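Take a look at the structure below.
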Protein chains: 4
Amino acid sequence: MEEVQRPRVGRKRSEAARRAILDAALELLRLHGYARLTTDAIARAAGVGKQTIYRWWPSKAAVALEALTELGRAIPSPETGSLEGDLAAFLASTFRLLRGPRGTAAVLKGLMAEAQLDPEFARGFAVFIASRRGALRAILERHAGRAEPARLEAAVDMLFGAMWYRLLVGHAPLDIAFARVLARLSARSLRPVRG
Amino acid sequence: MEEVQRPRVGRKRSEAARRAILDAALELLRLHGYARLTTDAIARAAGVGKQTIYRWWPSKAAVALEALTELGRAIPSPETGSLEGDLAAFLASTFRLLRGPRGTAAVLKGLMAEAQLDPEFARGFAVFIASRRGALRAILERHAGRAEPARLEAAVDMLFGAMWYRLLVGHAPLDIAFARVLARLSARSLRPVRG
Amino acid sequence: MEEVQRPRVGRKRSEAARRAILDAALELLRLHGYARLTTDAIARAAGVGKQTIYRWWPSKAAVALEALTELGRAIPSPETGSLEGDLAAFLASTFRLLRGPRGTAAVLKGLMAEAQLDPEFARGFAVFIASRRGALRAILERHAGRAEPARLEAAVDMLFGAMWYRLLVGHAPLDIAFARVLARLSARSLRPVRG
Amino acid sequence: MEEVQRPRVGRKRSEAARRAILDAALELLRLHGYARLTTDAIARAAGVGKQTIYRWWPSKAAVALEALTELGRAIPSPETGSLEGDLAAFLASTFRLLRGPRGTAAVLKGLMAEAQLDPEFARGFAVFIASRRGALRAILERHAGRAEPARLEAAVDMLFGAMWYRLLVGHAPLDIAFARVLARLSARSLRPVRG
DNA sequence: GTATAAGCGAGACGGTACGTCAAGTCTTTTT
DNA sequence: AAAAAGACTTGACGTACCGTCTCGCTTATAC
């Protein structure tokens, strides 16, 4: 079921405008946080008409999501030889990105909020979440592939859940130590019962 | 450090208005969800002036939070004799409340969203979260009190984190089966390594 | 038809409160003008409950009106021997009061505005206006009593009208010179046609 | 001093919206009077967003003023050959407009009130007043041009003053008879002393 | 090479909700 | 019973953003 590719007529989408919008969105997010991000402000900062944003994205949240996806493209899936080691490395580099300079944590929090308020956006956000889950699930399967699927799923929920929970509530930091403890607990919970 | 108890003069806060506001808020949340909850609507439904809401609560989120706190007052902390059993029971009754008739899940999601957008509210919300954490922490300490504190904290984060994660993302249900798997994994991760 | 004087029971109306209210009202009018006068502010400044104001006056405009009436009690009706002279003297002292230190002009303007917006108050205000008209009318009748009543009425309208018009529109000052010109024109318009 | 005519970009002001707003304002004024006119009601009746009103007018009073100015565009300046005749005709047609079907009198009263309460609006209102004064002044100058300017000004104040005074206080009607008396008194007061 | 189709920056538009202000009323305690 | 204090309902205010709709241009293909 190919996409119909009829060679369209008229002016082409401006890559310059697209970049300017994404960059402006990230910049504004970094400066003021998601709550104070407005479509008007993005348009103004990007030197772009509001319609140009709405032509290509359904909402400001979608813009932020795309901007973010670009950033978070490559978190490496390391190979240390042990489940605990791989998990610790994966979580540590994820947490490091969140503490990064681009206000990534703020953006993620804002997107999760938006997903609660806008069901349309929630669907797009779920795709993003699923792709991250896939990466973590792959690590678990590499070392504990014989465990029941429900347990693997639950383990993923517990790891990413713990991350999001700290991210959203802010009661404790997402640091290396936390990455290590999570890895340790998770590895212990999944290992075969009998040595 | 006594609370100054100067016997106030003038008309007293109307308990009737307070109740009407909280009830109206819960009712509207149940009917339309948090995203469509407005201060005007609460005031109208409660037969109350908007100002009366703003006099006592800083935002509609604070109203919803208070309404919710009343509801969630008593989730029992069971005693089954084992860590896994207690966890499974606690999680199961928590999940049951979330599936309950008052749209509790929707309210919680909305509140978490609000906390991301309004730092002022985030502080109040954190108190609510902390009280729930305390209940779960108590169960863990009863059976695994000798574990390092950081591990207990992380275990709480993983359990409630997993719950919130499913609640917010909606990729899988919060059912009894999930409660059991979480309890199992958590118990295994905390038990002493050697029998 | 005597007023029934049944010796009322309970606490008596506090003259101190009455004075405090009128004084506070005048002071606030002088400071901020009528537009920014609020019942709350009067009550606060007078150290009085709002209800005490509403118990005795129907609106803040009525308070201002009473305060004003006290001030404007005695504008002398002079006797110079000529119509023109009497008019000039009467207008000059009226204008002088308006330029006085108590913000009288501002109060009058505010009351006229209120009368346009509140029919209830308009009635009370009309009484005040009528009493001023009476004073001016008396002067005219003293010297031009044989003129048709309609002309005397019209002359009063033209004199007070001119005053109010300048007061309300503010396009020109209410000074001695204006008082003299008005007196001159009015006297000429009313004198018998033939010497 | 040319008006800078930079050829504006973006969507143009909607004449349809402008008309709808002015028409709605007049209609509401006619129905309910100025005191009960609200920006919300105008917007609703005109099928327009409130912001569209605030974008082009600083207040509801400015809307009413513009609506009114359109109405009162043409009161004829008649030529009867005599000062008294011209004045009588001018005043009579002015009064007739005020009694007209569009609630003009009510609007004018409301605007004068507003001018007392809002200094910003007072400036705009003064322009309107000045234009009316100009028309009357022209008639006076045609027949009594040699009189001192201060007397002409005062005569204008007395005529329009009398009109506004009756309009605002409402103690007597603005009818033909009043127009005639005003014209008579005014003409007599300005004629040369000696035939 | 000229019609036709889209994209673009700008900005006005119809709406919804916000949080504030003041008006006038009602309730509690004190005098 | 009146007073001070202050909470109450009501209703309008002016602002902030939302997402849509023109306007006058600027590119691109298509004829």
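In the text below, chain A, chain B and the rest are named by the order of the sequence lines, each starting its count at 1. In this text the structure is predicted, and so the values were computed from the model without any measurement.
- Distance, C:I21 CD1 to F:dA2 C1': 12 Å, rounded to whole Å.
- For F:dT22, one of the phosphate oxygens OP1 or OP2 lies less than 4.0 angstrom from a side-chain nitrogen or oxygen of D:R11.
- Heavy atoms only, all atoms of each residue included: A:Q116 and B:L168 are closest at NE2-O, 3.1 Å.
- The separation between A:D118 atom CG and F:dC17 atom P is 18 Å, rounded to whole Å.
- To the nearest 0.5 angstrom, C:F125 atom CZ is 6.5 Å from C:L108 atom CG.
- Shown here for D:I42 and D:A24, the closest heavy-atom pair between the two residues is O-CB, 4.0 Å.
- With the nearest nucleotide of DNA chain F identified for both D:K12 and D:R36, D:R36 has the one nearer the 5' end.
- When each of C:L29, C:L31, C:D23 is checked for a side chain to side chain contact (heavy atoms under 4.5 Å, CB included) with C:E27, only C:L31 meets the rule.
- Between B:T38 and E:dA17, a side-chain N or O to OP1/OP2 separation shorter than 4.0 Å is absent.
- Summarising the geometry of D:H32 relative to D:R36, their closest heavy-atom pair is O-NE, 3.9 Å, with the distance given to 0.1 Å.
- Following rounding to the nearest Å, B:R18 (CZ) and F:dC8 (C1') show an atom-to-atom distance of 17 Å.
- Between D:L37 and D:A25, the shortest heavy-atom distance links the atoms CD1-O, 4.4 Å.
- Among all heavy-atom pairs drawn from A:A17 and A:V48, the shortest one is CB-CG2, 4.1 Å.
- Judged by a 6.0 Å distance limit and a 45° cone about the ring axis, D:K60 is positioned over the six-membered ring of D:Y34.
- In this structure, B:D40 places its CG atom 14 Å from C1' of F:dT9, rounding to the nearest Å.
- Between A:G47 and D:E15, the residue anchored nearer the 5' end of DNA chain E, judged by the nucleotide with its closest heavy atom, is A:G47.
- What separates CZ of D:R13 from P of E:dG14 is a distance of 11 Å, to the nearest Å.
- Applying the 4.0 Å criterion to OP1 and OP2 of E:dA12, one finds that D:S14 has every side-chain N and O outside that range.
- Remark: D:G49, D:Q51, D:T52, D:R55, D:W56 in residues 49-64 of chain D come within less than 4.0 Å of DNA chain E through at least one heavy atom.
- In this structure, CG of B:L37 is placed 14 Å from C1' of E:dT16, rounded to the nearest angstrom.
- Because its NZ or CZ atom is both nearer than 6.0 Å to the ring centre of A:W56 and within 45° of the ring axis, A:R13 counts as a cation-pi partner of that residue.
- In this structure, B:R44 places its CZ atom 14 Å from C1' of E:dC18, rounding to the nearest Å.
- Nucleotide E:dA10 holds its C1' atom 17 Å from the CD1 atom of A:I42, rounded to whole Å.
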Between the protein and nucleotides 2-4 of chain E, list every N/O to N/O distance that falls short of 3.5 Å.
none

